[in-house]
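Heads up: the structure comes next, in structure tokens.
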Amino acid sequence: TASQGSITSFFGAP
Amino acid sequence: MLEARLEQANLLKKVVDAIKDLVQDCNFDCNDSGIALQAMDNSHVALVSMMLKSESFSPFRCDRNIALGINLTSLTKVLRAAQNEDILTLKAEDAPDVVNLVFESAESDRISEYDIKLMDIDQEHLGIPETEYAATISMPSAEFQRICRDLMALSESVSIECSKEGVKFACQGDIGSGSVTLRSHTNVDKPEMNVEIDLTEPVSLTFSLKYLVGFCKASSLSGQVKLCLSNEVPLLVEYALANNSYLRFYLAPKIGD
């Protein structure tokens with residue numbers, strides 16, 4: 001089954 | 001100092017109502033371009049990004065950057081005291097302890113005034129990269145809400161597949177499976193009913209329906225919702241507001257399906 005990704009792994013510190 | 005007057009309290013009431021179950025304590029970042037908010041949910045799966053441009057207020061005045069750290073449960077309690085049609089004015093000093101909200105009834109001489117104590121919120125601010133999405137779908141917000149609710153009765157997740165054929169929302173659960181497919185559609189009389197699919201390459205991603213159903217609480221803010229997808233990046237769900245203001249939600253995809 002698929003696992004939930006995290007927003008922080010796509011959007012980093014500005 | 002900040003002074004921002006909204007013609008209708010309804011706008012802020014709806015925005016706060018749409019995000020309060022996702023995020024609890026947030027900074028409302030005020031500067032001369034308007035009032036912005038960015039916050040992640042506790043599990044770091046979704047991100048809310050709100051922008052109320054200064055043009056959405058009349059008048060709007062904010063001389064320097066002010067972060068108003070507000071608990072949304074507290075704000076909801078106070079906003080409940082505002083009638084939808086009330087004129088709402090937000091006020092704060094330059095280094096404020098409180099934010100002041102004034103509700104004025106246009107029909108009577110009633111003026112209500114509330115102060116909410118501010119919090120010191122140390123919030124991580126994320127950089128959201130400019131993305132050329134592979135697929136952009138504009139559709140009636142009520143339709144999107146209905147699809148998400150219907151499919152959630154069967155499953156925790158939905159796959160969103162966008163191809164030349166259209167956009168397909170599909171799920172599989174214990175009792176069976178279901179799908180809804182939409183094709184581009186133009187309704188001349190009711191443009192809010194349009195479905196517009198702009199595709200540069202096929203996309204297929206899986207998302208948690210619980211979050212999508214939560215985002216749909218914003219449906220009353222806009223007749224249309226925009227979904228932006230690219231493989232392996234978060235989904236953007238955008239509710240456009242007047243004056244280029246917006247309420248956006250980002251949702252991380254499920255991986256390794």
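Chain A is the first sequence line, chain B the second, and so forth, proteins listed ahead of strands; every chain is numbered from 1. Values below: all heavy atoms of this structure, side chains included; hydrogens, waters and symmetry mates excluded. Model, not experiment: these values are computed from the prediction.
- Other residues, nucleotides and ligands place more than 12 heavy atoms under 6.0 Å from the CD atom of B:Glu55.
- Contact record, B:Val45 with A:Ile7: O-CG1, 2.9 Å, taken as the closest heavy-atom pair.
- The 12-atom threshold is not exceeded at NZ of B:Lys168, counting heavy atoms of other residues, nucleotides or ligands nearer than 6.0 Å.
- More than 12 non-hydrogen atoms from other residues, nucleotides or ligands lie less than 6.0 angstrom from CG of B:Asp150.
- With a 6.0 Å radius and a threshold of 12 heavy atoms from other residues, nucleotides or ligands, B:Gln24 has its CD atom above the threshold.
- Annotation: maximal heavy-atom pairing with chain A below 4.5 Å, among B:Ala252, B:Ser157, B:Pro129, occurs at B:Ala252.
- Atom NE2 of residue B:His44 and atom OG1 of residue A:Thr8 lie 6.5 Å apart, to the nearest 0.5 angstrom.
- Taking both residues in full, the closest heavy atoms of A:Phe11 and B:Leu126 are given as O-CD2, 3.6 Å, listed atom of the first, atom of the second, then distance.
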